[in-house]
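Working notes, structure below.
We name chains A, B, ... by the order of the sequence lines, and we start the count at 1 in each one.
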Protein chains: 2
Amino acid sequence: MEPLSMEPLSPDMFHPACPSGAMPIRIGDKWAAMVIVCLEQGPRRFSELRVPMHVATPKVLTQTLRALERDGMITRTIHAEVPPRVEYELTSLGRSLLDLIAAGRRWADEHLPSLLAARNSYAERTGVVGGGGSVSTGP
Amino acid sequence: MEPLSMEPLSPDMFHPACPSGAMPIRIGDKWAAMVIVCLEQGPRRFSELRVPMHVATPKVLTQTLRALERDGMITRTIHAEVPPRVEYELTSLGRSLLDLIAAGRRWADEHLPSLLAARNSYAERTGVVGGGGSVSTGP
DNA sequence: CTGTATCCATGCTGATACTG
DNA sequence: CAGTATCAGCATGGATACAG
């Protein structure tokens, strides 16, 4: 099912402003969607995931992984070796979210500029820079 | 574009556990998706929206409406009458989220039971009832 | 009717440091 | 390598009461 060779994850796979508290669409908690996307091509190790998600601390990454595991989205496999190796992999339930994530990305590509324009316009009318409400700028 | 007559919104339009901090999919802030669904058939007044969303305080409802207005999802129209009347209506940008919301609902119908099963199984294995991670029960 | 004001509880998130 | 522990900060969300 996977490509012949699995590419390493790029450090700049995600835009620095992703997630920026911006996108009106959220899958799971703040980092869950990014993890799911990272696992799309096949199983990954903790340290592999840290590369594209270097803006998240290990604690936060662990929390995200545990929540996803608890909800049946990913599996966690410990290989009893030295050095220790742990692999995370999407379940079919986890894969079922990929379509939704793709739909969210498509919405953002198409409509996020309109949203940002509305926000700027509103800020001018009210003179307020406005905190983060429900949506904002995305990658 | 609207039906010939617009039905009043039902007080039990939403399941009491909606949103229960459960659903893995969130549109905007906690209440935004519910407001958007309420406005699907046409403009509604503040007090109309309070009926199905009686679990949210007026402050929270106002916050949600303001955020949606700021982001260009809805318009707010004040009718200078006595008694005062204010109507909220979806913009085309707001309507663009309806498809996404529908997709989220379909996902929940199809996969939420699996998620809850996984969560129960995990709770048994670990003996922990586990707080709200990223997902949970939905309407 | 349509909101505002104030105060408070919670929880997510993060920085920093340490361990099997 | 793969986490865990501890502490702290800020935003969100909510109860209650009041106002234009």
Side-chain angles (χ1 to χ4, degrees), chain A residues 16-22 24 26-35 43-51 53-69 74-89 126 128-136, chain B residues 8 16 18-22 24 26-35 43-51 53-70 74-89 126 128 130-136:
Chain A
C18 177
S20 57
R26 286 264 298 268
I27 306 291
D29 65 17
K30 188 172 180 180
W31 306 97
M34 288 165 76
V35 168
R44 299 282 187 181
R45 307 176 59 175
F46 189 84
S47 49
E48 286 184 284
L49 294 173
R50 292 213 61 189
V51 174
M53 305 189 60
H54 47 83
V55 291
T57 64
K59 187 192 95 169
V60 169
L61 183 53
T62 298
Q63 283 179 348
T64 301
L65 291 167
R66 287 290 184 281
L68 287 170
E69 185 192 3
I74 64 176
T75 58
R76 178 172 180 268
T77 306
I78 306 169
H79 300 272
E81 309 170 355
V82 283
R85 189 164 57 104
V86 179
E87 283 191 325
Y88 297 92
E89 184 169 16
T126 65
V128 176
V129 183
S134 53
V135 194
S136 136
Chain B
C18 177
S20 59
R26 286 264 298 265
I27 307 292
D29 64 19
K30 187 173 181 180
W31 306 96
M34 288 165 76
V35 169
R44 298 282 187 182
R45 306 175 60 175
F46 189 84
S47 49
E48 286 185 285
L49 294 173
R50 291 213 63 189
V51 174
M53 305 189 62
H54 47 84
V55 292
T57 64
K59 187 192 96 169
V60 170
L61 182 54
T62 299
Q63 282 178 347
T64 302
L65 290 166
R66 289 288 184 281
L68 287 170
E69 185 191 4
R70 185 196 57 192
I74 65 177
T75 57
R76 178 173 181 266
T77 307
I78 306 171
H79 300 272
E81 309 168 355
V82 281
R85 189 165 57 106
V86 178
E87 282 191 326
Y88 297 92
E89 185 167 17
T126 64
V128 177
S134 52
V135 193
S136 140

Report the distance from atom CZ of A/Arg50 to atom C1' of D/dG3, rounded to the nearest whole Å. 10 Å

Please state how far atom CG in B/Leu49 lies from atom C1' in C/dG3, giving the value in whole angstrom units. 13 Å

Quickly work out the A/Leu61 CG to C/dA15 P distance and round it to whole Å. 14 Å

What is the separation between atom CE on B/Met34 and atom P on D/dG13, rounded to the nearest whole Å? 13 Å

Between the two ends of the helix from C/dC1-D/dG20 to C/dG20-D/dC1, what is the bend in degrees, rounded to 10 degrees, where each end axis spans five pairs? 50°

Give each protein N/O atom lying under 3.5 Å from an N/O atom of nucleotides 18-20 of chain C, with the pair distance.
none

With rounding to the nearest 0.5 angstrom, report the CE to OG1 distance, B/Met53 to B/Thr64. 6.0 Å

For residues B/Arg50 and B/Pro58, report the shortest heavy-atom separation together with the two atoms involved. NH2-CD, 3.3 Å

Taking only N and O in the side chain of B/Arg45, is any of them less than 4.0 Å away from OP1 or OP2 of C/dC1? no

Drop me the distance from A/Thr77's OG1 to A/Arg45's CZ, to the nearest 0.5 angstrom. 12.5 Å

Could you state the atom-to-atom distance from CZ of B/Arg66 to C1' of C/dA5 in whole Å? 14 Å

Looking at the side chain of A/Thr62, which of D/dG13, D/dT4, C/dT13 is the nearest nucleotide? D/dT4

Locate the shortest heavy-atom distance separating A/Glu89 from A/Pro43; write the atom from each residue and the value. OE2-CD, 3.9 Å

Under 3.5 Å, which N/O atoms of the protein pair with N/O atoms of nucleotides 14-19 of chain D?
residue: D/dG14; atom: OP1; partner: B/Lys30; partner atom: NZ; Å: 3.0
residue: D/dG14; atom: OP2; partner: B/Trp31; partner atom: NE1; Å: 3.0
residue: D/dG14; atom: N7; partner: B/Lys59; partner atom: NZ; Å: 3.0
residue: D/dG14; atom: O6; partner: B/Lys59; partner atom: NZ; Å: 2.2

Assess whether side chain to side chain contact (heavy atoms under 4.5 Å, CB included) is satisfied between B/Arg85 and B/Glu87, documenting all intermediate values. CA-CA 7 Å; B/Arg85 189 165 57 106; B/Glu87 282 191 326; 3.5 Å; yes

For B/Tyr88 and C/dT2, what is the distance between atoms OH and P respectively, to the nearest whole Å? 8 Å

Roughly how many Å is it from CG in B/Leu65 to P in C/dG3, rounded to a whole number? 8 Å

Please report the closest heavy-atom contact between B/Val60 and B/Ala56, naming both atoms and the distance. CG1-CB, 4.3 Å

Output the distance between atom CZ (A/Arg66) and atom CG (A/Leu61), rounded to the nearest 0.5 Å. 10.0 Å

Please identify which of these residues, B/Ile27, B/Leu65, B/Asp29, meets the side chain to side chain contact (heavy atoms under 4.5 Å, CB included) condition with B/Val35. B/Leu65

Check whether any side-chain nitrogen or oxygen of A/Ser47 sits under 4.0 Å from OP1 or OP2 of D/dA2, and answer yes or no. yes

Roughly how many Å is it from CZ in B/Arg76 to P in C/dT2, rounded to a whole number? 10 Å

Would B/Leu68 and B/Trp31 count as a side chain to side chain contact (heavy atoms under 4.5 Å, CB included) here? Give the steps. CA-CA 10 Å; B/Leu68 287 170; B/Trp31 306 96; over 6 Å; no

Heavy-atom side-chain contact between B/Phe46 and B/Val86 under 4.5 Å: no

